[in-house]
Amino acid sequence: MSLTHLSLGDFRNIEAISLEPSPDINVIIGANGSGKTSLLEAIYFLSHGKSFRTNKHKLLIRHEQTRCAVHAKKQHLSLSIPVGIGKDTSGETSLRIQGQSSRKVSELAQLIPVQVITPESYDLFFGGPKERRKFMDLGVFHVEHEFFQEWKDFNKVLKQRNALLKLRPNNYAEQIQYWDKEFVRLAEKINKHREEYISRFTAHFFDKIVNKIPVFSGLELRYDEGWKESLADALKHQFQRDTKLGYTSKGPHKADFSFYIHGHSVESILSRGQLKLLLYALKIAQNSLIESETDKQSILLIDDLPSELGEETMQHVSVLLSQCQSQLFITAITAESISAVVEPMKRELRMFHVKHGSLITK
Ligand SMILES: Nc1ncnc2c1ncn2[C@@H]1O[C@H](COP(=O)(O)OP(=O)(O)O)[C@@H](O)[C@H]1O
Ligand SMILES: [Mg+2]
């Protein structure tokens, strides 16, 4: 169910490497600038069709080359499915799944659920709704088949509505009224999927994790759909304001999924170390929920794990990771710095050393 083979070509500073990862834990060790994050980025790229570091696809292609590519074999039940993705300097993406070319990154994404935690994740996640919405939607995407199409259709309508609000052609008010029916119809579908998912996620998260970690006592998860009253009324009431703003201020594109302890936001209560632990806990719980609701094994990428974790947080993280079923790829500068996390885990470990974009054998 995991990636059993991975190869990269002309990806960032990596000219060509191939590896056979462990289905359990993979640790990537190397000095700064050796290519550790690039390796994680390549796995993320395989599932998301883009990077977690940049929107500029050209940065992924090795300097002076014209195309980067990532290939893998994904074990699924008794099948080994070859998958691949490439991108050239013009931005053209090519995909292959089981020897067939495909045009939809979503097909590859469906096959390989990948989440990432980097040293920047905490600020992004607790700093604003965008990352939290992304987190929630990744889960919904993997367990609710219709969600992706609804979300795509909704975004088309939203774009249309925003263009009318910005350009204000003669009859824009009537045109907006026309679009609003579809806007509301799709918004309610999206909301229903999210609501159902969050309710299952919350039960799973408390059962598997929160109830076992005392610092999380009093934790509450809140889902905000992105509007109050009925959405049709909210759109009418906001019309003047939206016209001034030039965009739509209510709807599922404003939804949030946030965390409180005894009624206060977690950012104002928990220490930085505890917030980090919460983020690990959320991502691990989400992977395990996807695994229990589908037949997929998910992947968790953790960049620079030891960099900012204190000893106590490290111990908690180690326990959480040893209980999770995901295939892990963890980077660190030295093997010593990560031994406290990985050694207590009773899972199969493989270690890879990178230097100047190449794998070295030690
Ligand atoms: N498109 C590219 N082509 C070649 N080298 C690159 C490209 N993008 C980044 N690099 C270089 O790749 C190296 C590895 O980066 P990174 O994966 O972030 O290293 P690490 O995570 O090990 O510190 C850096 O030295 C960076 O300058
Ligand atoms: Mg790095």
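As the structure lists them, so they are numbered: ligands from 1, and atoms in each ligand from 1. Positions are given from 1 along the sequence.
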Problem - Residues Glu291 and Lys208 bridged, charged N to O under 4.0 Å - result: no
Handout entry: Carboxylate-amine/guanidinium contact Lys189 Glu146, below 4.0 Å
Key = no
Practice task
Indicate whether any N or O donor in one side chain lies under 3.5 Å from an N or O acceptor in the other, for Ser51 and Thr54.
Solution key: no
Fill in the blank from the handout: At under 4.0 Å between heavy atoms, what of Asp303 touches ligand 1? The answer is neither
Practice task
Could you tell me which atoms of ligand 1, counted from 1 in the order shown, lie closer than 4.0 angstrom to a heavy atom of Ala31?
Solution key: 22 (O)
Handout entry: Salt-bridge contact Glu195-Lys192 (side-chain N to carboxylate O under 4.0 Å)
Key = no
Practice task
Give the residue, atom name and distance (to 0.1 Å) of the protein heavy atom nearest atom 23 (O) of ligand 1.
Solution key: Gly33 N, 2.7 Å
Problem - Mutual orientation of the aromatic rings belonging to Phe183 and His253 [parallel < 30°, tilted 30-60°, perpendicular > 60°] - result: perpendicular
Handout entry: Contact with ligand 1 for Ser34, non-hydrogen, under 4.0 angstrom
Key = yes
Handout entry: Heavy-atom gap Gly357 to ligand 1 smaller than 4.0 Å
Key = no
Problem - Any donor-acceptor N or O pair under 3.5 Å, side chains Gln286, Tyr197 - result: yes
Problem - atom 21 (O) of ligand 1 [closest protein heavy-atom partner, distance rounded to 0.1 Å] - result: Thr37 OG1, 2.7 Å
Practice task
Could you tell me the residue and atom name of the protein heavy atom closest to atom 19 (O) of ligand 1, and the distance to it rounded to 0.1 Å?
Solution key: Gly35 N, 3.3 Å
Exercise for the section: Give a yes/no on ligand 1: does Lys56 have at least one heavy atom closer than 4.0 angstrom to it? Expected result: no
Exercise for the section: May I ask you to check if any N/O/S atom from Ser38 comes under 2.8 Å of the Mg ion (ligand 2)? Expected result: no
Fill in the blank from the handout: Near Leu59 (heavy-atom distance under 4.0 Å), the atoms of ligand 1 are 1 (N), 2 (C), 8 (N)
Exercise for the section: State plainly whether the residues Arg222 and Asp256 are in salt-bridge range, i.e. N to O under 4.0 Å. Expected result: no
Exercise for the section: Among all protein heavy atoms, pick out the one at the shortest distance from atom 11 (C) of ligand 1; state its residue, atom name and that distance to 0.1 Å. Expected result: Asn13 CB, 3.9 Å
Exercise for the section: Would you verify that at least one protein heavy atom lies under 4.0 Å from atom 27 (O) of ligand 1, or report that none does? Expected result: no
Handout entry: Side chain, backbone, both or neither: the part of Arg53 lying under 4.0 Å from ligand 1 by heavy atom
Key = side chain
Exercise for the section: Name the closest protein heavy atom to atom 15 (O) of ligand 1, giving the residue it belongs to and the distance to 0.1 Å. Expected result: Ser38 OG, 3.8 Å
Practice task
Output yes when Lys346 and Asp24 qualify as a salt bridge under the 4.0 Å nitrogen-oxygen rule, no when they do not.
Solution key: no
Completion exercise
for atom 3 (N) of ligand 1, nearest protein heavy atom and its distance come out as His63 N, 3.0 Å
Handout entry: Which segment of Val354 sits under 4.0 Å of ligand 1 when only heavy atoms are counted
Key = neither
Exercise for the section: Could you check Val143, Ile198, Val140 and say which one makes a side chain to side chain contact (heavy atoms under 4.5 Å, CB included) with His193? Expected result: Val140
Problem - Cation over ring face, Arg194 and Tyr223, 6.0 Å, 45° - result: no
